[in-house]
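See below for the structure under consideration.
So that the names make sense, note that chain A is the first sequence line, chain B the second, and so on, each numbered from 1.
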Amino acid sequence: MSEEKKSLNFIEQIIEEDLANNGYKKEELKFRFPPEPNGYLHIGHASSINLNFGLGLKYNAPVNLRFDDTNPIKEEQEFVDSIKKDVEWLGFKWAKECYASDYFQQLYDWAVALIKNGDAYVDSQTSEEIATQKGTPTKHGTESPYRNRSVEENLSLFEAMKNGETPEGAHVLRAKIDMTSSNMLMRDPIMYRTLHTAHHRTNNDWKIYPMYDWAHGESDFVESISHSFCTLEFLPHRELYNWFVNKVSTPEDFQPKQREFARRNLSHTIVSKRKLAQLVEKGFVESWDDPRMPTISGLRRRGYTPASIRNFAESIGVGKRENIIDMSHLEFCAREDLNKTAQRVMGVLDPVKLVITNYDKEEEWLEAENNPEDETAGTRQIPFSKEIYIEREDFKESANRKFFRLTLGKEVRLKNAYIIKGEDVVKDEDGNILEIHCTYDPLSKSGSGTEESKRKVKGTLHWVSIKHALKADVRLYDRLFTVEAPDADKEKDYLEFVNPNSLTTITGYVEPSLQTSKELDSFQFQRIGYFCVDKTSTKDKLVFNRTVTLKDSWAKKNN
RNA sequence: UGGCCUAUGGUGUAACUGGCAACACGUCUGUUUUUGGUACAGAAGAGUCUAGGUUCGAGCCCUAGUGGGCCAACCA
């Protein structure tokens, strides 16, 4: 085995550099994945999860799962639960389950210290006044008239805020930094606001809640996180992050370090919690775990496997530039994994009846391979009889030799069964095909080893015995949006690009072995695609979701 | 009227300063095949946003320009 030299991404390079030249010890490495519990995780988060937990695996370092729960208005326990489920399902283990709310008291104590040092003050203006004074990116801000209140006054006001003695919106605690900074976040950012709202974990203990910037870096500091990775839009926050950490630590303390990477965008969909929530609320999809959603739960229900999502995240890497990853790459990852693991079965989605006129037996059971890619997968028995369904598009009365399927007068193989020959076709008065009549070669049985069975025929069709077949609801999914970047249009709202045909439900016929299939089982319907058993599926009413079609170079060439 | 980030085939990432810019997806050929799948073999496709500069030598460094992105929530 030659040692494959894999190049490092820029995040790994930062860590290697810290290890080699900045005095970091390997044992000091520690990461975290910090979701806000205000929605479901999506494919973009999968990248971040893979990055942080992947780093943990690579450096054998702990990774905390930390909920950034500083805004009680938006956050709920339901989301905490779904996030934990999704991270676990993806196959990762966190070292500690943490909450920013665990540090509310510590944060409060530090805030009091900042006030005492003259680094923070209570502002009693309206949010509009504060916003106006903040200036714009191109214009300096101006100082608040409350900026130089005495320490005593600040302390008593802050105490009153904490005790809920002041109304919401009356006061905020601000850091005293620099209203002329070119970085707007440094223009006396708000550290606390008054909110008389119950929190999903601290209930009514607190009447004031810390803002993101004040809570995040300090949480990293408390947990001794070495590297705090976030997306690029937080880059300007870095200066504030460092300012706050410096205020509560000494130079000897181990300081967490924030670095930023570009969030990943997927073509033909959106990765924004707010917009995904709208799709649910406005009924464009049924739920957060609708198989069309790019949420982890949606992808799971669609049939994506943890490995396929991890491979996807790993293969697209991390970078710092704007990007739109093509959906075909995600689909490739699904096929790649499912090809090795999904059991092959036969199902007919658009049936046409085929009668084998010279077949006299009542029925017979044939052996079928479960997965040619996996020798340990074994075989199963499938029923065959005189009347079967085949795919409507697999028959043409006559066609050129490019058509490898059934035509009149030509032979074709029925997968795992016999070679048949098209003889006749029965139509209604409108010319629609009602039945196809064929004859079969009794000596051509698959696997029998006879000369006849080894005969070369131009095509192989999948089929299902009519009297044994199970009816099933099959949901065919297409891209959720008709354009590559639905939220990139400055004129049009992304909702205008929702694909009206993203879901088609049909009734298909599948082989009886599927009777015992369970939720989340994945199958390859041979020659069609990968399908996953939906959570609504029952023994009496099977429901399958199409994960992705098989690659089809013939169909592609023909359209 | 500012600050910061960014710019490599269609897409996403690589490239120790110096052999004709690599890998994956996608596209196209062909071989095998009881899945027009898989596997295998191969091809096309960028000369690294532009202009200068440093250097014997630059995709990598510097400067300017241009394009894209981010920053004015008591959101994260």
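A donor atom on one side chain and an acceptor atom on the other are not found under 3.5 Å apart for A/Glu36 and A/Tyr212.
Of the residues in residues 335-343 of chain A, those placing a heavy atom less than 4.0 Å from an atom of RNA chain B are A/Asn339, in numerical order. Contacts of residues 258-278 of chain A with RNA chain B (heavy atom under 4.0 Å): A/Arg264.
The phosphate of B/G37 has OP1 or OP2 within less than 4.0 Å of a side-chain N or O from A/Ser553. Of the side-chain N and O atoms in A/Lys556, none sit less than 4.0 angstrom from OP1 or OP2 of B/G36.
Within the 4.0 angstrom heavy-atom criterion, no nucleotide atom of any strand lies near A/Asp213. At the heavy-atom level, A/Pro35 lies nowhere under 4.0 Å from the strands shown.
Between A/Phe525 and A/Phe544, the angle of the ring planes goes over 60°, which puts this pair in the perpendicular group of the 30/60° scheme.
Between the OG1 atom of A/Thr460 and the CG atom of A/Asp394 there is a distance of 10.5 Å, given to the nearest 0.5 Å.
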Study note, to complete from the structure: Dot-bracket assigned to RNA chain B with the 3.5 Å Watson-Crick/G-U criterion, [ ] for crossing and | for other-strand pairs, is .((((((..((((....[...)))).(((((.......))))).....(((((..]....))))))))))).....
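You'll find a donor-acceptor pair under 3.5 Å spanning the side chain of A/Glu373 and the base of B/G37, going by distance alone.
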Review point. Once each nucleotide of nucleotides 62-71 of chain B is scored for protein heavy atoms under 4.0 Å, what B/S/- sequence comes out, 5' to 3'?
Key: -------SSB
So which protein nitrogen or oxygen atoms get under 3.5 Å of nucleotides 73-75 of chain B's nitrogens or oxygens?
residue : atom : partner  : partner atom : Å
B/C74   : N4   : A/Gln125 : O            : 3.3
B/C74   : N4   : A/Ser127 : N            : 3.4
B/C74   : N4   : A/Gly169 : O            : 3.0
B/C75   : OP2  : A/Arg193 : NE           : 3.0
B/C75   : OP2  : A/Arg193 : NH2          : 2.8
B/C75   : O3'  : A/Arg193 : NH2          : 3.2
B/C75   : O2'  : A/Asn71  : ND2          : 3.2
B/C75   : O2'  : A/Lys74  : NZ           : 3.1

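Here the side chain of A/Ile316 is nearest to one of B/G12, B/G36, B/U35, namely B/G12.
Judged as a salt bridge (Lys or Arg N to Asp or Glu O under 4.0 Å), and not counting sequence neighbours, the contacts of A/Arg149 are A/Glu153.
With centroids closer than 5.5 Å and planes inclined by less than 30 degrees as the test, A/Phe404 and the base of B/G36 pass as a stacked pair.
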